[in-house]
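Let me begin by presenting the structure, written as structure tokens, before commenting on it.
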There are 2 protein chains.
Amino acid sequence: MLAEFQQYLSDHANLTEDALREISRLAVPASIPRNGVLLEAGDTCRHKIFIINGLLRTFSITEDGNEHILQFSPERTWTLDVESYDKHTPSQVSIAAVEPSNVLLWHKPDFDDLLLRFPELKRFSEQLISRNIYSSRNRILTMLSGTPEEKYADFVQTYPGFLARLPLRMIAAYLGISLKTLTRIRRAQLRR
Amino acid sequence: MLAEFQQYLSDHANLTEDALREISRLAVPASIPRNGVLLEAGDTCRHKIFIINGLLRTFSITEDGNEHILQFSPERTWTLDVESYDKHTPSQVSIAAVEPSNVLLWHKPDFDDLLLRFPELKRFSEQLISRNIYSSRNRILTMLSGTPEEKYADFVQTYPGFLARLPLRMIAAYLGISLKTLTRIRRAQLRR
DNA sequence: CGGAATTATGGTCAAATGACCTTGTTGCGC
DNA sequence: GCGCAACAAGGTCATTTGACCATAATTCCG
């Protein structure tokens, strides 16, 4: 399991052998079954999570019982609830596995330590943060501007691989539309 | 004009006299009239902007001619199009003044230099970035979960001061609802 | 100060959307 | 391999939303 991670990291950041070894040494591997929960809303997020394979979703359930999905996290990406992680506050969101997944976890104190010891890791983290900001902004723009059709088209184009791996209701929960409208859109597109 | 900025900065970051002086020295003051444009979509964002007083908005106009507002930036906040600024690519968005505003500008090379010279400024910037991430995430969640009423209520609660300073159509463009629905909501609330 | 532009509100109507329910199918877990 | 739960899709209907238009009020700028 660590091999995939090391491959990923040396592909994306310019780390020394030593750094790579240290980062790996502090990683805690975990296997999550389908629908297994990694972070429960209300708990504090204590780990950084790297997904080796599988697919996670970050979501929140409102009082009316509806699920809203903030993010999908496939293999070779990271996830966590930053706000809870940074401030040690209860998380608003849950993180659970859509598919059975293998992940690596780092405890916050360990990871903070790594960031101090390896400036190159810090630089890499900052890149990830930047991308996060760009994509959040783009998502907000898409949510503002589009009709449901456009949002769906945008989703298919932006995340081509996800369509086949997700139940439609989750895509609807991600786009902020009802399952009904989503199936209507797809029917219309089939007839074309 | 610099006085307000220095006050702000020494209130929020732990900077030396020297740092404060250097940061101020590289700031370029500018006055923007109402509807004045600071960044035009298509141009590259070359500055960091600090708003001393007034109010800016960051928006994008889609092909169908509709304006969508990503952000309002009141006095004592920062703004820019990060993606364009970081990558030197054409901006997707425009930034313009809602009220006549006074701002400070830093050229990117200057600010990058400041970040290297003053680690405390870097730390402060990272805090701002974090807050940006938290609020983007919260906004996405609100956009997903709420009815127009709830979104409006949330807006009023989150930004109490803005209501009086903005035309309703801009609030609608920020919430992603039509002006019509917004006035309907407000009428319903008046009768209560 | 006065004309012009912006803004808020309301009416009307068509279209889109969601809530609820039913049905048939898939696929997961034991 | 089987049974049950999750899932996609369709029907119906009430409600919401937006587009378009007109009008009044306000604000801005020369």
Side-chain angles (χ1 to χ4, degrees), chain A residues 31-37 54-55 57 59 61-69 96-101 143-153 155-156 162-192, chain B residues 31-37 54-55 57 59 61-69 96-101 143-153 155-156 162-192:
Chain A
S31 288
I32 327 290
R34 203 174 96 96
N35 290 324
V37 174
L55 181 59
R57 76 186 197 278
F59 64 99
I61 300 200
T62 35
E63 315 98 31
D64 56 14
N66 281 102
E67 173 175 327
H68 302 285
I69 297 181
V98 177
E99 304 169 355
S101 306
M143 295 183 78
L144 281 177
S145 54
T147 62
E149 277 93 335
E150 291 168 336
K151 293 181 196 172
Y152 175 65
F155 178 83
V156 173
F162 285 2
L163 192 54
R165 298 168 71 179
L166 292 168
L168 288 186
R169 44 161 282 264
M170 289 194 189
I171 297 179
Y174 178 87
L175 296 177
I177 62 182
S178 70
L179 175 58
K180 178 81 193 190
T181 24
L182 185 51
T183 63
R184 275 199 268 241
I185 290 167
R186 307 183 82 224
R187 175 163 48 103
Q189 292 188 350
L190 279 182
R191 306 209 175 145
R192 183 176 354 157
Chain B
S31 287
I32 326 290
R34 202 175 96 97
N35 291 324
V37 173
L55 181 58
R57 77 185 196 281
F59 64 99
I61 300 198
T62 35
E63 313 99 32
D64 55 14
N66 280 103
E67 173 175 327
H68 302 284
I69 297 181
V98 176
E99 302 170 356
S101 306
M143 296 183 78
L144 280 178
S145 54
T147 61
E149 277 94 334
E150 291 168 335
K151 292 180 197 173
Y152 176 64
F155 178 83
V156 174
F162 284 1
L163 192 52
R165 299 169 72 180
L166 292 167
L168 288 186
R169 46 161 281 264
M170 290 194 189
I171 298 179
Y174 178 87
L175 297 177
I177 63 182
S178 71
L179 175 58
K180 178 81 194 190
T181 22
L182 185 52
T183 63
R184 275 200 269 240
I185 290 168
R186 305 184 82 223
R187 174 164 50 103
Q189 292 187 351
L190 281 182
R191 313 211 167 138
R192 186 172 351 156

- Item | Any donor-acceptor N/O pair under 3.5 Å between dG29(C) base and R34(A) side chain | no
- Message: In this structure, how many angstroms lie between the P atom of dT16(D) and the CZ atom of R187(B), rounded?
- Response: 12 Å
- Message: Between R184(A) and I185(B), which residue's closest nucleotide on DNA chain D lies nearer the 5′ terminus?
- Response: R184(A)
- Query: Which value, rounded to the nearest 0.5 Å, describes the distance between I185(B) atom CD1 and L168(B) atom CG?
  - Reply: 10.5 Å
- Message: Quick one, I69(B) and M170(B) - any side-chain contact, counting heavy atoms below 4.5 Å?
- Response: yes
- Message: Let's go through R57(B) and Y174(B) carefully: what are the C-alpha distance in whole Å and the side-chain angles of both, what is the deciding distance for side-chain contact (heavy atoms from CB on, under 4.5 Å) to 0.1 Å, and is it a yes or a no?
- Response: CA-CA 10 Å; R57(B) 77 185 196 281; Y174(B) 178 87; over 6 Å; no
- Would you mind reading off the distance between L175(B) atom CG and dT16(D) atom P, rounded to a whole angstrom? 18 Å
- So how far is it from L166(A) CG to E99(A) CD, rounded to the nearest 0.5 Å? 7.5 Å
- Message: Please confirm whether the shortest side-chain N or O distance from T181(A) to OP1 or OP2 of dT17(C) is below 4.0 Å.
- Response: no
- Task: Select one nucleotide: of dC20(D), dT17(C), dA8(D), the one nearest the side-chain heavy atoms of K180(B).
- Result: dC20(D)
- Item | R186(B) CZ - dT9(C) P separation (whole Å) | 6 Å
- Which whole-number value in Å describes the distance from L179(B) CG to dT7(C) C1'? 8 Å
- Message: In this structure, how many angstroms lie between the P atom of dA19(C) and the CZ atom of R169(A), rounded?
- Response: 15 Å
- Rounded to whole Å, CG of L168(B) lies from P of dG10(C) at a distance of 12 Å
- Query: Nearest-Å distance, CG (L190(A)) to P (dA9(D))?
  - Reply: 8 Å
- Do any side-chain nitrogens or oxygens of S178(A) fall under 4.0 Å of OP1 or OP2 in dG18(C)? yes
- Task: Take the protein atom NZ of K151(A) and the nucleotide atom C1' of dA16(C), then report the distance between them rounded to whole Å.
- Result: 12 Å
